[in-house]
Amino acid sequence: DAMVIQNPRYQVTQFGKPVTLSCSQTLNHNVMYWYQQKSSQAPKLLFHYYDKDFNNEADTPDNFQSRRPNTSFCFLDIRSPGLGDAAMYLCATSRDSLGEQFFGPGTRLTVL
Amino acid sequence: QKEVEQDPGPLSVPEGAIVSLNCTYSNSAFQYFMWYRQYSRKGPELLMYTYSSGNKEDGRFTAQVDKSSKYISLFIRDSQPSDSATYLCAMNGRSSYKLIFGSGTRLLVRP
């Protein structure tokens, strides 16, 4: 089945220790998104790629970076995680900018 | 005022009830409307996608859009305990990739 896959599902890191989350998709969609979702809140868009074009949201902290080495994969790098970065990180894809978005299962990040 | 308003609930109903979930929005540029279901500690699952006023039905789910009133609804017929989850509405405009989410309504279907 075509899908969005995220690894790992659970990630524990220490305060200030860099962490990388990964997302892959078999949908062959052009657009990939990274969202942050905190408890009982709506997902918050961090950035997205349309193909190789990177688009950062204005309020995304510099601590968050992303890479998309090819169509199928996208990575979220958190350079120096703080306690406030503990959240669920969701990857989503869409065929184009206006289509519906399909989400992966998420990676739950804990910062100690 | 938020662009999208959604009652957070929780909404508790008995099994078999018809559930009505609603969102209102203020931006008339919104053209595409989605409903997602999110189980605890899981990613959102797309339930319905619509882009015009009117009704769209899929199994037990009906999505309704009223652009003149800036109001969207999701109806769930014959609700089941497995429908217990948080339901998020989301929308975007013709020239925008960015989904604007409601805050989500938590639904509990009691056996």
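Chain letters run A, B, ... following the sequence lines, proteins first, then strands; residues in each count from 1. All values derive from a computational prediction rather than experimental measurement.
Looking at A:Y35, the atoms closer than 4.5 Å to chain B (heavy atoms on both sides) all sit in the side chain, from C-beta outward. If you measure heavy-atom distances from B:E45 to chain A, you find no contacts under 4.5 Å at all. Only the side chain of A:E57 comes within contact range of chain B, with at least one heavy atom under 4.5 Å from a heavy atom of that chain.
Contact tally against chain B (heavy-atom pairs below 4.5 Å) for A:P43, A:G106, A:G104: the top residue is A:P43. Ranked by non-hydrogen atom pairs under 4.5 Å with chain A, the options B:G43, B:S103, B:P44 are led by B:P44. No other option in A:Q6, A:R108, A:Q101 has as many heavy-atom pairs under 4.5 Å with chain B as A:Q101. The candidate with the highest count of non-hydrogen atom pairs below 4.5 Å against chain A, out of B:K42, B:R41, B:K98, is B:R41.
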_Residues B:R77, B:T62; criterion side-chain hydrogen bond (donor to acceptor under 3.5 Å, both in side chains); working and verdict_ = CA-CA 8 Å; B:R77 289 182 298 282; B:T62 299; 2.8 Å; yes
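In this structure, A:M32 and A:Q25 have side chains that are in contact, with non-hydrogen atoms separated by less than 4.5 Å.
Ring centroid separation for the pair A:F54 and A:F47 comes in under the 6.0 Å cut-off.
Defined by atom type and a distance below 3.5 Å, a donor-acceptor pair is missing between the side-chain atoms of B:E57 and B:N55. Between B:Q64 and B:K56, the side chains place no donor N or O within less than 3.5 Å of an acceptor N or O (distance only, hydrogens not considered). Donor-acceptor pairing under 3.5 Å is recorded for the side chains of B:N22 and B:S73. Defined by atom type and a distance below 3.5 Å, a donor-acceptor pair is present between the side-chain atoms of B:R110 and B:S12.
In this view, A:S39 satisfies the side chain to side chain donor-acceptor pair (under 3.5 Å) rule with no residue, not counting sequence neighbours.
Under the 30°/60° scheme for interplanar angles, the aromatic rings of A:F103 and B:Y36 are found to stand perpendicular.
Interface residues of residues 58-94 of chain A toward chain B, defined by a heavy-atom distance below 4.5 Å and sorted by number: A:M88, A:L90.
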